[in-house]
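Please read these numbers as outputs of a predicted model, since none were measured by experiment.
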Amino acid sequence: NMLTQTPIMGDSTVTVDQAKKWATEKGADERYINIADTYWEYGKKTGIRPEVLYAQAAKETNYGKYTGRVKPEQNNWAGIKTDIATGDLPEDHETFSSPEEGVRAHFNHMSAYLGIDPVGEPHARFAIVKRTAWAGTVKLAEDLGGKWAPEQTYGYDLVTRYLKPMEETK
């Protein structure tokens, strides 16, 4: 429902093992299952709830199967565009040197939305987000609609179709 309120920052309510079990049950790609540990590491470093971003990576990459525009070798878990993107082709999306660097970029990209400092040197698109009127104002996953992605329902879909089932995995 449109009344959920899901903070992006805060303590994790999902263990990394729980997240991996959920991903496995969803038939996720092995790379996506294995990268969970890196999401939980950056969660500790940043104060961002790793399960929210891990759920978002599932939504953006179809559980690491990369059935959309972004290719697996781009190591881009979050559909992050380049700073010169003009469309929605693979080359309009950032390529990162490793899956782990892609996770760091995902946390850094979200940092611009949340108004917190990035970890290490951020990617080029980070500066573009920082210049938006709403940079630093996003607090809830539900607020990502119309900002992270054009669809207004993006955040609700993220919470109801990905995050909640992950939280409910035993």
Side-chain angles (χ1 to χ4, degrees), residues 6-83 85 90-130 135 138-139 141 144 147-149 154-155 157-159 161-163 165-167 169:
T6 310
I8 300 171
M9 306 256 337
D11 294 332
S12 178
T13 58
V14 177
T15 67
V16 70
D17 291 337
Q18 199 179 349
K20 286 179 175 179
K21 185 168 190 270
W22 166 79
T24 303
E25 286 172 3
K26 291 291 182 188
D29 187 86
E30 202 167 328
R31 288 174 82 233
Y32 175 76
I33 297 165
N34 293 339
I35 204 67
D37 297 289
T38 308
Y39 272 86
W40 265 253
E41 280 167 35
Y42 277 100
K44 286 189 190 77
K45 282 181 191 166
T46 60
I48 296 172
R49 294 173 65 207
E51 65 270 30
V52 176
L53 271 59
Y54 192 62
Q56 185 178 30
K59 178 173 167 59
E60 290 282 347
T61 68
N62 189 17
Y63 302 95
K65 291 179 231 170
Y66 285 94
T67 49
R69 296 290 191 184
V70 180
K71 302 291 164 236
E73 59 272 18
Q74 290 180 273
N75 295 311
N76 185 338
W77 298 104
I80 298 168
K81 297 270 182 96
T82 66
D83 56 338
E91 56 269 27
D92 288 307
H93 295 86
E94 196 66 71
T95 296
F96 301 104
S97 60
S98 68
E100 292 75 19
E101 276 295 289
V103 174
R104 185 173 73 89
H106 189 178
F107 275 83
N108 281 347
H109 205 65
M110 190 61 81
S111 295
Y113 286 70
L114 297 166
I116 63 173
D117 291 334
V119 178
E121 188 59 38
H123 53 285
R125 189 83 184 187
F126 179 84
I128 293 175
V129 177
K130 287 292 277 190
V138 173
K139 302 292 171 231
L144 294 169
K147 297 179 179 77
W148 192 284
Y154 179 91
D157 184 72
L158 167 62
V159 170
R161 284 187 47 219
Y162 299 89
L163 183 59
M166 190 195 308
E167 288 174 337
T169 299

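- We find that Glu41 and Lys44 are not joined by a salt bridge, their nearest charged nitrogen and carboxylate oxygen being 4.0 Å or further apart.
- Taking the side chain as every heavy atom from C-beta outward, Asn76 and Thr95 never approach each other to under 4.5 Å.
- Taking 4.5 Å as the limit, some side-chain heavy atom of Thr6 sits within range of a side-chain heavy atom of Arg49.
- Side-chain atoms of Glu51 and Ser12 form a donor-acceptor pair, as typed in the model, at a separation below 3.5 Å.
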Review item, side-chain donor-acceptor pairs of residues 111-126, under 3.5 Å, at least two apart:
residue, atom, partner, partner atom, Å
Ser111, OG, Phe107, O, 2.8
His123, NE2, His109, ND1, 2.9
Arg125, NH1, Thr82, O, 2.8

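- The shortest side-chain heavy-atom distance between Leu144 and Met110 falls under the 4.5 Å cut-off.
- Side-chain contact of His106 with Glu60: a donor-acceptor pair under 3.5 Å is absent, judged by distance alone.
- For Asp37, the salt bridge (Lys or Arg N to Asp or Glu O under 4.0 Å) partners at least two apart in sequence or on another chain are Lys20.
- Closest approach of Gly64 to Asp29, counting heavy atoms only: O-CB, 3.3 Å.
- Panel note: side chain Gln18, backbone Glu167; a donor-acceptor pair is recorded below 3.5 Å.
- Ring pair Tyr32/Trp22 is perpendicular by interplanar angle, where above 60° counts as perpendicular and below 30° as parallel.
- The environment of Glu73 atom CD is dense: over 12 non-hydrogen atoms of other residues, nucleotides or ligands sit within 6.0 angstrom.
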Full working for side-chain contact (heavy atoms from CB on, under 4.5 Å) between Gln74 and Tyr66: CA-CA 10 Å; Gln74 290 180 273; Tyr66 285 94; over 6 Å; no
Check against side-chain contact (heavy atoms from CB on, under 4.5 Å), Thr46 and Asn108: CA-CA 9 Å; Thr46 60; Asn108 281 347; 5.9 Å; no
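- Aromatic pair Tyr42/Tyr54: centroids not less than 6.0 angstrom apart.
- A salt bridge is defined here as a Lys NZ or Arg NE, NH1 or NH2 lying under 4.0 Å from an Asp or Glu carboxylate O, and Glu25 with Lys21 meets this definition.
- Remark: Lys59 engages Asp157 in a salt bridge (Lys or Arg N to Asp or Glu O under 4.0 Å) (not counting sequence neighbours).
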